[in-house]
2 protein chains.
Amino acid sequence: MMAALRLVDERGLDRVTVDEISEAADVSPRTFFNYFATKDDALIGDPVHDAASLRDRLLALPGDRPLVAALLEALTPSIEEIQAERDLWLLRMRVLKNNAQLLPALVAHGTQAEEDLITAIAARTGLSRDDLFPQLAATLTGAAIRTAMMRWAGTEGHSPLSDFVREAFGILATGLAEPTPSHQKAPR
Amino acid sequence: MMAALRLVDERGLDRVTVDEISEAADVSPRTFFNYFATKDDALIGDPVHDAASLRDRLLALPGDRPLVAALLEALTPSIEEIQAERDLWLLRMRVLKNNAQLLPALVAHGTQAEEDLITAIAARTGLSRDDLFPQLAATLTGAAIRTAMMRWAGTEGHSPLSDFVREAFGILATGLAEPTPSHQKAPR
DNA sequence: GCCGATCTTGCAGGACCTGCAAACTTTTAT
DNA sequence: ATAAAAGTTTGCAGGTCCTGCAAGATCGGC
């Protein structure tokens, strides 16, 4: 809800009530809660749509591709979608950064998406859903994306989001090896 | 607050009110909120204490040790502390698993700890706090720990938590390379 | 026993969120 | 065109969470 984002951006999360948001959006407060389960949800958007399609895309890719490469490729459409709504997302990220109380809600939504990811990764790797690897991989992927988006937003979207995601996945792929300050990848 | 955990374990988070918890703990509801900022906080505990000391321990370790090894070593006391209060933590994790609504709150607290971690990792690696690596490394570390604890709790604490953490950090160190089902490390 | 500091409590009240049923709008069928 | 059906929006009542404030209780030292 655009109205909500703008209000909260201006005044901060706890200086804005649901009543005010509703009024700005020309609906009753009761209708607000028909659309959003919580006040926070109005600011975070709807990642569920992304979650399912991400899973499908990942499963559609040839199985011999390295996992990280496959993840990156499966993510591309979602990333482009975000890039296409750049201003909305920059606003959203700014609101998130300025209202740390929202972070939990953001993670909650991400967790939903990660559940699907676990299944997909398990299928790809032939491991069980209960194994460590799929669970950890999904969690780390989510964490990497979140970090990338935070950094992207920090630059006001000057360079494309995909660059940040690619960089993060690079580290993810090679492991937390110590980078040199000029951080070339995996000198060997 | 032990009373809170037990009640919520029995009935579920939204079948227990703050009033009931307060009564079980023999304090007034108002006093409850003097101790815990929110109802959720009473269930999650106080990770802040851990956060600062983790940072200190990490900085005290010799700088030439690989990052992941250093992290693991710095974490050991915290892990032992959890292991020592095994029953409390297993109860807590069970409550978390059965009340997914709490997961966000858990992560929020972790985020606080991760802030400190970013600084420590940046100092260790000689990178800036604003670089990708420290931010990502801290986030991934948090995610790995959380995943390890979830899995540990899933086994009813049968094997020690440190095993799970070590395993997760192993993957973290070598990167998300595809493991074989018997997951030897990085066959090359 | 008195005094200051800390801890606990009650009260009033705002904000979030829900279930329910009434009003309204839109679509479909006749 | 009318009526029925289906879907949306709304108001209302009410429960719960959480906060600020000021009054009371408790505890320590002197």
Side-chain angles (χ1 to χ4, degrees), chain A residues 1-49 91-92 94-112, chain B residues 1-49 91-92 94-112:
Chain A
M1 193 71 93
M2 216 54 192
L5 274 174
R6 269 193 272 266
L7 274 177
V8 174
D9 184 40
E10 284 170 14
R11 292 201 253 153
L13 182 59
D14 37 10
R15 316 294 310 164
V16 176
T17 70
V18 170
D19 285 24
E20 292 168 330
I21 297 174
S22 309
E23 187 174 6
D26 266 313
V27 292
S28 75
R30 189 61 188 84
T31 302
F32 177 93
F33 284 111
N34 285 342
Y35 281 86
F36 306 105
T38 72
K39 176 176 157 186
D40 295 352
D41 281 356
L43 302 169
I44 288 178
D46 164 42
V48 179
H49 152 255
L91 172 58
R92 180 170 284 160
R94 188 169 63 234
V95 166
L96 283 179
K97 187 165 285 186
N98 294 336
N99 298 274
Q101 325 133 34
L102 283 176
L103 211 137
L106 177 69
V107 174
H109 281 245
T111 302
Q112 177 55 37
Chain B
M1 195 69 94
M2 214 56 191
L5 275 174
R6 269 192 273 266
L7 274 178
V8 174
D9 184 39
E10 285 169 14
R11 292 201 252 153
L13 181 59
D14 37 11
R15 314 294 312 163
V16 175
T17 71
V18 171
D19 284 25
E20 291 168 329
I21 297 174
S22 309
E23 186 173 8
D26 266 314
V27 292
S28 76
R30 189 62 187 83
T31 302
F32 176 93
F33 284 110
N34 285 342
Y35 281 84
F36 306 105
T38 72
K39 176 176 158 186
D40 295 353
D41 281 356
L43 303 169
I44 289 178
D46 163 42
V48 178
H49 153 254
L91 173 58
R92 181 171 285 161
R94 186 168 65 235
V95 166
L96 283 179
K97 188 165 286 186
N98 294 336
N99 299 273
Q101 327 132 36
L102 283 176
L103 210 138
L106 176 69
V107 176
H109 280 247
T111 303
Q112 177 55 38

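Per chain, numbering begins at 1; letters A, B, ... match sequence-line order.
- Taking the side-chain contact (heavy atoms from CB on, under 4.5 Å) definition, one finds that B:Gln101 meets it with B:Leu13, B:Asp14, B:Asn99, sequence neighbours left out.
- Between A:Ala4 and A:Ile21, the closest heavy-atom pair is CB-CG2, 3.6 Å.
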Output, in order, the C-alpha distance, side-chain angles, deciding distance and verdict of side chain to side chain contact (heavy atoms under 4.5 Å, CB included) for A:Glu23 and A:Asp19.
-> CA-CA 6 Å; A:Glu23 187 174 6; A:Asp19 285 24; over 6 Å; no
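- We find that CD1 of A:Ile21 is positioned 14 Å from C1' of C:dC17, with the value rounded to whole Å.
- A:Phe36 comes within 4.0 angstrom of nothing in the nucleic acid, heavy atoms only.
- With D:dT9, C:dC17, C:dT8 as the candidates, the nucleotide lying closest to the side chain of B:Asn34 is C:dT8.
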Are any protein N/O atoms closer than 3.5 Å to N/O atoms in nucleotides 11-15 of chain C? If there are, list each pair with its distance.
none

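- Residues satisfying the side-chain contact (heavy atoms from CB on, under 4.5 Å) test with B:Arg11, not counting sequence neighbours, are B:Leu7, B:Arg15, B:Val16, B:Glu20.
- The nearest whole Å value for the distance from the CZ atom in A:Phe33 to the C1' atom in D:dG14 is 14 Å.
- Going from atom CG of B:Leu106 over to atom CG of B:Asp40 covers 10.5 Å, rounded to the nearest 0.5 Å.
- Dashed line: the shortest gap from a side-chain N or O of A:Tyr35 to OP1 or OP2 of D:dT9 is under 4.0 Å.
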Candidate pair A:Arg94 and A:Leu91, rule side chain to side chain contact (heavy atoms under 4.5 Å, CB included), full reasoning | CA-CA 5 Å; A:Arg94 188 169 63 234; A:Leu91 172 58; 3.5 Å; yes
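- Residue B:Phe32 is classed as having no contact, given no heavy-atom separation below 4.0 Å to the nucleic acid.
- Annotation: side-chain contact (heavy atoms from CB on, under 4.5 Å) contacts of A:Phe36 (sequence neighbours excluded): A:Met1, A:Phe32, A:Asp41, A:Ala42.
- In this view, A:Val27 and A:Ser22, A:Ala25, A:Thr31 satisfy the side-chain contact (heavy atoms from CB on, under 4.5 Å) rule, not counting sequence neighbours.
- Shown for residues 22-29 of chain A: residues whose heavy atoms fall under 4.0 angstrom of DNA chain D, namely A:Val27, A:Ser28.
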